[in-house]
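By convention in this document, chain letters (A, B, ...) are assigned in the order of the sequence lines, proteins followed by strands, and residues within each chain are numbered from 1.
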Amino acid sequence: MAPKLLGMLVAKGDLGLVITEVEAYGGRDDEASHAFKGLSRRNSSMFADGGTLYVYLSYGVHNCINVVTGERGVGQAVLVRSGIIVALTNVSSGAADLRGQVVQGPGRVGKGLGAELSDDGVDLLGAGCWRLLDSRKSLSLEDAPIVCSTRVGISKAKDAPWRFEVGLANLGLGSVR
DNA sequence: ATAGCGATGTTCT
DNA sequence: GAACATCGCTATA
């Protein structure tokens, strides 16, 4: 699921992010995952249904966002690390102009979208304020090369090649949808 | 260009 | 009391 999220659009209201970099985190089998030690107050939304938003406070400073990708109870999620902030030109269809601000780093992604801890656990697949839309076709990203490497800023399970990026050059200009 | 460090709060040992 | 899925500023080369 992680590489599939590249080129998709996460939106909060009329603000969107075209995803360009992610990291995959497993459930109880991944030492680097917040879900490794099982359910807790902080990570409970990781164990919700796939398509749920998981927002956590990083280093007491940054709100970072994940898309839950596992079945209910598994605790699997994908951290959104970089992307392009865009203003939606049509909120209901998710159309957006691709000229936007590049944001790199999960803290800046959360800040750019205005993610709050109160957004933790919301459904991304319904018709609510937060939505996840598949904009890959309109971006012609389906055959774009994906760079795979190890995850950043962790001390355990350092060797798992679960970080995925698309080069900005592959996005071109134009609009989404 | 690279390294070090403080901010800041929750979680785990 | 330590670690932490980070960032931005400052210092050093």
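In this entry B:dT8 has no Watson-Crick or G-U wobble partner, no candidate having both defining distances under 3.5 Å.
Proximity of A:K156 to the phosphate of C:dA5: no side-chain N or O atom is located under 4.0 Å from OP1 or OP2. Put simply, A:S155 has a side-chain N or O that comes within less than 4.0 Å of OP1 or OP2 on C:dC4. Note on A:H62: every side-chain N or O is 4.0 Å or more away from OP1 and OP2 of C:dC7.
Remark: of the listed residues A:I154, A:N66, A:V152, A:V78, A:V152 is the sole one forming a side chain to side chain contact (heavy atoms under 4.5 Å, CB included) with A:E23. The residue from A:V103, A:V86, A:I84 that alone fulfils the side chain to side chain contact (heavy atoms under 4.5 Å, CB included) condition with A:L17 is A:V103.
As a whole-Å value, the separation of A:N63 CG from C:dA5 P is 15 Å. As rounded to whole Å, 16 Å separates atom P of C:dA2 from atom OH of A:Y59. Straight-line distance from the OH atom of A:Y56 to the P atom of C:dA5: 7 Å, rounded to whole Å. Across the protein-nucleic acid pair, A:D120 atom CG and B:dT11 atom P stand 11 Å apart, rounded to whole Å. When rounded to the nearest whole Å, the span between CZ of A:F36 and P of B:dT11 equals 18 Å. Counting to the nearest Å, the P atom of C:dC4 and the CZ atom of A:R151 are 13 Å from each other. The nearest whole Å value for the distance from the CG atom in A:L79 to the P atom in C:dC4 is 16 Å. Here the P atom of nucleotide B:dT8 and the CG atom of A:L117 are 16 Å apart, to the nearest Å.
A stacked arrangement is assigned to A:Y25 and the six-membered base ring of C:dA5, with a centre-to-centre distance below 5.5 Å and an interplanar angle below 30°.
Of the candidate nucleotides C:dA5, C:dT6, B:dC12, C:dT6 has the atom nearest to the side chain of A:S58. Of the candidate nucleotides B:dT8, B:dT11, C:dT6, B:dT8 has the atom lying nearest to any side-chain atom of A:V61. Checking C:dT6, C:dA5, B:dT11 against every side-chain atom of A:Y54, the shortest atom distance belongs to C:dA5. Side chain of A:L57, nearest nucleotide from B:dG9, C:dC7, C:dA5: B:dG9. The A:R108 side chain lies nearest to C:dG8 when the options are C:dG8, B:dC12, C:dA5.
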Exercise for the section: Mind running salt bridge (Lys or Arg N to Asp or Glu O under 4.0 Å) on A:K156 and A:E31 for me, showing each step along the way? Expected result: CA-CA 6 Å; A:K156 288 168 280 192; A:E31 275 195 305; 6.0 Å; no

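Ion pairing between A:D30 and A:R151 holds under the 4.0 Å rule for side-chain N and carboxylate O.
A:R42 comes within 4.0 angstrom of sugar-phosphate atoms only, judged by non-hydrogen atoms across all strands, and of no base. At the heavy-atom level, A:I154 lies under 4.0 Å from the strands shown only through sugar-phosphate atoms.
Judged purely by distance below 3.5 Å, without hydrogens or angles, the side chains of A:S40 and A:N43 pair a donor atom with an acceptor atom.
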